[in-house]
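A short write-up of the structure that comes next.
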Amino acid sequence: MKTCVAGYPRIGHRRELKKAEESFFRGEIGERELLETARSIRCENWKRLRESDIDSIPSNDFSLYDNVLDAACLIGAIPERYANAGLSPLRAYFAMARGDAEADLKALPMRKWFTTNYHYIVPELTESSRLRLSGDKPFDEYREALELGIRTRPFIVGPFTFLKLASYAGNLTARDFVGQISAAYRSILDRCASEGIDAIDLGESALVTDLSHEDVTLFSKIYREILSAKGRVSVRLHTSFGDIRDCWTEVMALPFDSVALDFVEGPGNLDLLARHGFPSNRELVAGVISGRNVWKTDVARAACLVSRISALSGCDPSSGRLSLGASCSLLHVPLSLTHEASLNPGVRSRLSFAEEKLSELTSIAAADDRARVNADTTADRYAIPYPAEWTRVPSRAERKRSQRPIFAFPALPTTTIGSFPQTHETRETRAALRRGEISATEYDAAIRRMIADCVSLQEEIGLDVLVHGEYERNDMVEFFGQNLEGFAFTANGWVQSYGTRCVKPPIIVSDVRRARPLTVDLAVYAQSLSPKPVKGMLTGPVTILNWSFPREDIPLAESCFQIARAIREEALDLERNGIKIIQIDEAALKEKLPLRESDRGPRYLDWAIPAFRLCASGLRPETQVHTHMCYSEFADIVSAIDALDADVITFEAARSNLSLLDALADAGFETDVGPGVYDIHSPRVPSVDEIASAIRVMLEKLGRNATAYDGLWVNPDCGLKTRGVEETVASLRNLVAAAKSVREGSGT
Ligand code: GLN
Ligand code: ZN
């Protein structure tokens, strides 16, 4: 059987691309040097793919920032303000990606790519957009590979997905661009023909989301147009992250030469094959190994899946019509295990990053099982809890009544989300501990000094509910991963999150357990410094799970409950030690929300919500539970958020138009809320008036009053870790002053 790869990590073994881009942005290197680094990464990847005997090798999967932005440039979807700013093409590209202060241009917005932690740049289509072939990138990169003697298959984000992901000015919709975009992609095919490119991939993962009848019509219309001009160029429709149930018939009715389907995240594709069969004149690329996770594929299981696919599709493995691929681009896993010498060998032997997945593919294709996995079978697995275990009693309304006299909050209590600025000193202290230059005792003393300063600063500013500042944490998930049992950490397992930003997720390698208290000492210390409540800070189980590579040998729900039990023990420990408010952050709750509405409950929320609730359900009614979310896009799951049964939720709001607050009011949302009153993603200090008027709008939208505590909190959007000290102090002073002025009814 043939093998196919649609995309490969492009950041480089040592994150060379990130480093080169950052020096370019700082003006330390020029365009030539940056492009040279990019070129050598591409060449290295192609050679690696060829050495691994992959049959279908991609090009144009490389990007200096993002593939959707690349597609926008390719078809001339560059908003006028960037195109007409007199910038070089590369500078205009980066201006769209990340803004350009000198040219006074803001970046285009960024959004999460399907269910991954990758973010794409949202294209903007307006009245003046004229879509037409306007770039050379795929053709240049094809030629570059050809010079190495490697024939590649350019991968381009497809027109339907492009239109689905774009934002539209005014009343424009995708339909207004059907003619233009079809013509643009026809020109791409013409150009391929004239360049001698005989095959391309069009990425259409938007097909795995819920599609309306109108969407499907739009899709068919665009592709009828495009494919009528394809000539000799072989076109593959490439989909990932789910099944294509809403458009199967239409896809198969179109003259694609090849269709790539995901059988890992889209088991529904197997049912579709069983029901409809597969056209006999077409190639099927079956995504049978996970492009999203880091475990070795169970070759025996994969081989079994392949034989079912082959039987149901009628594609005989020897016919050349069936190829094997990964479920999606390998962009979403780290590059290689070769730089992980310090990983526990038992764990390492069970892992497979992008490079290792290449040989898995070829060995499954050769039907040999060299790569057979040996699962870490664990003896004592935790059971799924009963509802009675995860239900907190009494009800939220009654808890409010018991908490009110204890805390005696003023109207509009002020607080922060948890972390305070991590200065050079904070990072240096951590690095010194790592290098063994200071002892654990010295480190602890240094952290305590920072906490003491932080607490007295907050008292002086006049905040009502304090935090310890999270100086001991590098990252909200890493800290828990390092201190709980069951996680492994790589040295170099970077995965691109957006542009030059990479994350290094921990890997859950066995059952998760709390061997000792994690946060209690410092929380108790911080509380001892002030008569005001200081929040105990925990990361929630869903976020820990979503920002790690999960196990594959047990269900996600089970892992999540294991983590939840560990966090629950920690929460109970905090309470026993006198902590009166406990915040359990679920920054990433929405990250793995299934793309399709009908999957959300059964495949996610039905265990994610109980897992969160399990953390808090053992706490006394007087203990106040807060949670925090890093975004405001939860209008579609408002009732699920309320069902978390927290007492207070803080979330991002300053950058949104606050329409979420209407949704909350409409839904009769019961949890007390702290919509962020200023944007912490920017160094700008918001004025007192600005914050005060934001608070007034919030009061009005929620129908609350400003004279007594009525469930509205005043806080920033998110943690302050990445901000500078000075701007943070100034912003928080203004925040406290604004709450005071609204409380006192002045300045209206
Ligand atoms: N408590 C965390 C902090 O303030 C929350 C971070 C987050 O939501 N991403 O840093
Ligand atoms: Zn946040």
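Atoms within a ligand are numbered from 1 in the order they appear, just like the ligands themselves.
Between Glu470 and ligand 1, at least one N/O pair is under 3.5 Å apart. Between Ser419 and ligand 1, a contact under 3.5 Å exists for at least one N or O pair. Checking only distances, Met476 never comes within under 3.5 Å of ligand 1, N or O to N or O.
The pair Arg733-Glu460 counts as a salt bridge, with a side-chain nitrogen and a carboxylate oxygen less than 4.0 angstrom apart. Between Asp511 and Arg551 a salt bridge is recorded (basic side-chain N to carboxylate O distance below 4.0 Å). Comment: Asp647 engages Arg392 in a salt bridge, judged by a side-chain N to carboxylate O separation of less than 4.0 angstrom. Here Asp636 pairs with Arg600 in a salt bridge; the nearest charged N to carboxylate O distance falls below 4.0 Å.
Residue Gly719 has at least one heavy-atom neighbour below 4.0 Å for each of these atoms of ligand 1: 3 (C), 4 (O), 10 (O). The distance from ligand 1 to the heavy atoms of Cys718 drops below 4.0 Å at these ligand atoms: 7 (C), 8 (O), 9 (N). Each of the atoms 4 (O) of ligand 1 lies under 4.0 Å from some heavy atom of Gly418. Using a 4.0 Å cut-off to heavy atoms of Cys630, the atoms of ligand 1 that qualify are 7 (C), 8 (O), 9 (N).
Under the 6.0 Å cut-off for aromatic ring centres, Phe634 and Phe651 qualify, their centroids lying closer than that.
In this structure, His628 counts as a contact residue of ligand 1, since one of its heavy atoms falls inside 4.0 Å of the ligand.
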Just do the side chain to side chain donor-acceptor pair (under 3.5 Å) check on Thr539 and Asp585 with the steps written out, would you? CA-CA 5 Å; Thr539 301; Asp585 289 329; 5.0 Å; no
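Here the heavy atom of the protein found nearest to atom 1 (N) of ligand 1 is Asp585 OD2, 2.7 Å.
Within His628, the N, O or S atom at minimum distance from the Zn ion (ligand 2) carries the name NE2.
In Glu425, the CD atom is not crowded: 12 or fewer heavy atoms of neighbouring residues, nucleotides or ligands sit closer than 6.0 Å.
When all heavy atoms are compared, the tightest approach of Pro517 to Asp573 is CG-OD2, 3.6 Å.
Angle subtended at the Zn ion (ligand 2) by Cys718 SG and Cys630 SG: 110°, rounded to 10 degrees.
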